[in-house]
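As structure tokens, the structure follows; a few thoughts come after it.
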Amino acid sequence: MFDTMSLPPEKITELKQIIHIQLNQMDVQTRIRDVLSSSVLDESRGGRPHPPNQGFGEQELVQVLRDQGIIEDVMSQLQFSGAAGMQPAPQSRVAPKHSRPATHFADKQDRVVGVPLKKANIDPTRRYLYLQILSGKAFLEHLQEPEPLPGQTTSTFVLHINFRGQRFRSRPVPCACDPDFREGFLLELHKESGGDAARMLDSTSMLSICDPVHLVLVKTDTSGDTSLVSSHLLQWRTVLSSQDARQTIPVELLGLGAESKVPVGMLEVKLELLPAPGQQITEEVISTQINLERSRISERERLFLVYAKQWWREFLQIRPSHQNRLVKIFAQDENATNRPVCAFINPLRAGRLLDTPRQAARFVSVMGYEQASAVGGGQPREQWSSMHAFLCKNKGDCEDHAVLLCSLLLGYGLDAYVCVGTKAKGAAHTWVVTVGVDGLVTFWESLTGHRYIHQPINPNDPPIVEQPRPQYPYRTIGCVFNHQRFFANSQPSDNVEVCRFDFHDESLWKSMSVDAIQSICAAGSQASWPSQPPLVPSPFDAALLSNEIELALRSLVSDHRKDLGLTCVWDPELSYLLTPALAAYELERSAGMTAGNEEFQQAIRRAVPDGHTFKGFPIQFVHRNARRAFTACLRSQVCEEIISCRGDCVKLAVRVRVFTYPESACAVWIMFACKYKSVL
């Protein structure tokens, strides 16, 4: 216990507010009223006797509450931190003194009593939106899904949430027709960059917040492969019209792309404002506000479309062959919503998660590559993912990689643009270009992290002049763009090798109006598009993950050699000596430099006796599935020779080194090796 007399008045007021909010959440008043009614009824029926001249008083009530465990529940729910003389309530994890309030908690109780705040340390001076996922229903694709057996690996759903720079994810739940979603997320409505962090938002201020809650549902199959199920923008402001600022609504999740009108499932969602605002806004006012915002957005989109059509006609008048150039002004996102390509890009700062632009390029390159497939086969359909959806599923097409890399390079202060063109074989492709203040043009391949310096060829030079030989795989370029600028290539030839990247020269590049782009792509101008998400740290322990994959590979190699009738002898010392090589490979990819090769060569020479032969095979993956990696390694003749090595004194080695990056991106380096005695 603690002495409230030792606390300053403002702390006592804050303490009272916290206790009041917590008691309201637990509905303690109703429980006390029920206890009091039942106790008085028992007394009237001749129940537990009381001393003479004394009825059912305060002491008796407290004793009954203690007997029924209500007082213990209240004390276990309350959390105090940061105040002088206060002791934290006993719990499994005590938040640090200066930590942010806990904002994500799973429900472990029966759904009948709702989803209580399990460990929410609410700041009573700030306004929150408490979003509860009560259940999932009607995911008919999983209607025949069998009940998972104990210990069996099953496909799972994970729900990701992004709201005003806050990102959360649910715990994985087994895929089923009615998936067992039961979790709560505490979302702050304050936005410190907007200057309103120091005051409590009233109902009118909350009505003006047009940011939706972006829900992204991702499925992970038994092999660890992820796929996007649905992307939904939740309009939360309807809770402002509900009594007690609480509202339970059904949310229909729709499919992707061509199936964006087909439901894939339902979520039962409960919205609650904490603390409850004193003013209630009518449904008519909320509907009017939302419709007004939509009409403004529609008018901006209409005006931009009119401008884009006129701009395109002017571009075609320059040269008839421009009709065949890849000038992409609009693209469809995962919900089949047409958006200007400039709207997909926003400068993104990685905080302390990534240190250099080259490290950012490495991070983007280890995100998985996937083309959106069409139902029934055929050519893959083009689909640009919103950045939040791309980060959640951890893979996407070349456009998604290029947009993310361009956003990161802009965050580092570089003059970066996404390029749309073709590769050497004529296939459509996107990559990134940066233009230095000295005119240096650098191409960044977002799928591999490679960088290429562009030196244009002058076609008017005589044949005797030696021209640079391009190392990049790009053939033509149609347009470049970022979040503020859009340029179409109006040079006589769209071949990259002769292209000049002087965007200020109107004879080389036709630009769009900056004001026209900003009218529809500026931050906050579009409430109907997902907001920019921040990057989150990796959820993986690199050392633990490395050990798990390495042990799995050892088991697979042993089984493979057993099937071939071969014994398997491991050399732990040789396995450990492979570590510096894997670290050097990743350093070369992320920083563009090599180090430690001499020491590695010396260590291997000392570990391999005279008359013995050493073979090694390094390979890198961007997934964490050991069986898939082993199957891919067997396709290499060199690796297969190492794993199936026959000879005298054969000893095998394998080393795995996982390098984690933000989100769930990982670079998994594997090196198989063997040493054996040479027999002539």
| Contacts of D225 that satisfy side chain to side chain donor-acceptor pair (under 3.5 Å) - sequence neighbours left out | K395
| query | So, the side chain of R169 versus the backbone of V158: is there a donor-acceptor pair under 3.5 Å, distance only? | reply | no
| task | Apply salt bridge (Lys or Arg N to Asp or Glu O under 4.0 Å) to R339 and list each qualifying residue two or more places apart in sequence or on a separate chain. | result | D333
| field | SB check E588 R362 (cutoff 4.0 Å) | value | no
| query | Okay, side chain of S260, backbone of L256: is any donor-acceptor separation there less than 3.5 Å? | reply | no
| Does a donor on one side chain sit under 3.5 Å from an acceptor on the other, for S386 and E334? | yes
| remark: Applied to residues 318-343, the ring pair (Phe, Tyr, Trp, His ring centres under 6.0 Å) test, sequence neighbours excluded, yields F304-F330, F315-H322
| Just how far is it from atom CD1 of I643 to atom CG of L652, taken to the nearest 0.5 Å? | 8.5 Å
| Donor-acceptor side-chain pairing of Q310 and R313 below 3.5 angstrom | yes
| F501 ring center near H454 ring center (under 6.0 Å) | yes
| query | So, F443 versus Y474, ring centres under 6.0 angstrom or not? | reply | yes
Can you give me every donor-acceptor pair (side chain of residues 662-670, partner residue at least two apart or in another chain, under 3.5 Å) with its distance?
| unit_1 | atom_1 | unit_2 | atom_2 | d |
| --- | --- | --- | --- | --- |
| E663 | OE1 | R167 | NH1 | 3.3 |
| E663 | OE1 | R167 | NH2 | 3.0 |
| E663 | OE2 | R167 | NH1 | 2.6 |
| E663 | OE2 | V536 | N | 3.2 |
| W669 | NE1 | E586 | OE1 | 2.7 |

| Has the side chain of N495 got a donor or acceptor atom that lies under 3.5 Å from a matching backbone atom of V498? | no
| message | Between Q484 and Q518, is there a side-chain heavy-atom distance shorter than 4.5 Å? | response | yes
| query | To the nearest 0.5 Å, how far apart are NZ in K309 and CD1 in I329? | reply | 11.0 Å
| task | Using modelled atom types only, decide if a donor and an acceptor are shared between the side chain of S519 and the backbone of A516 within a distance under 3.5 Å. | result | yes
| query | D221 and S223: side-chain donor and acceptor closer than 3.5 Å? | reply | yes
| How would you list all residue pairs meeting side chain to side chain donor-acceptor pair (under 3.5 Å) that involve residues 575-585, not counting sequence neighbours? | T579-R655
| query | Would a distance-only check, ignoring hydrogens and angles, find a side-chain to backbone donor-acceptor pair under 3.5 Å from Q359 to D355? | reply | yes
| Under the side chain to side chain donor-acceptor pair (under 3.5 Å) test, residues paired with T476 that sit two or more places apart | T422
| query | Is the backbone N or O of H483 less than 3.5 Å from a side-chain atom of N346, with the two atoms forming a donor-acceptor pair by type? | reply | no
| Tell me the side chain to side chain donor-acceptor pair (under 3.5 Å) pairs involving residues 426-439, sequence neighbours left out? | H429-E445, T434-W444
| Test salt bridge (Lys or Arg N to Asp or Glu O under 4.0 Å) applied to E314 - qualifying residues, sequence neighbours left out | K510
| field | N335 side-chain N/O to T337 backbone N/O, donor-acceptor pair under 3.5 Å | value | no
| remark: Those residues at least two apart in sequence (or on a different chain) that pass salt bridge (Lys or Arg N to Asp or Glu O under 4.0 Å) with R624 are none
| query | Between N394 (side chain) and T226 (backbone), is there a donor-acceptor pair under 3.5 Å? | reply | no
| request: Could you walk me through whether H214 and S231 pass the side chain to side chain donor-acceptor pair (under 3.5 Å) test, one step at a time? | output: CA-CA 7 Å; H214 191 200; S231 174; 2.7 Å; yes
| said: Return the CD to SG distance between E382 and C398, rounded to the nearest 0.5 Å. | reply: 8.5 Å
| query | What about the rings of F487 and F503, do their centers lie closer together than 6.0 Å? | reply | yes
| said: Quick one: does any side-chain atom of D400 pair with a main-chain N or O of S385 as donor and acceptor, under 3.5 Å? | reply: yes
| Roughly how far, to the nearest 0.5 Å, is SG of C406 from CD1 of I345? | 4.0 Å
| Just wondering, do Q383 and Q332 contact through their side chains at under 4.5 Å, heavy atoms? | no
| message | Going by the rule side chain to side chain donor-acceptor pair (under 3.5 Å), which residues pair with Q602 if we only count those two or more places apart in sequence or in a different chain? | response | none
| side chain to side chain donor-acceptor pair (under 3.5 Å) partners for S511, two or more places apart | E506
| query | When you measure from the side chain of N489 to the backbone N and O of Q491, does any donor-acceptor pair fall under 3.5 Å? | reply | yes
| message | The criterion is ring-ring contact (aromatic ring centres under 6.0 Å, His included); which residues satisfy it with F344, sequence neighbours excluded? | response | W384
| task | Could you give me the CA-CA distance, side-chain angles and deciding distance for H160 and H388, then say whether side-chain contact (heavy atoms from CB on, under 4.5 Å) is met? | result | CA-CA 9 Å; H160 298 260; H388 184 219; 4.1 Å; yes
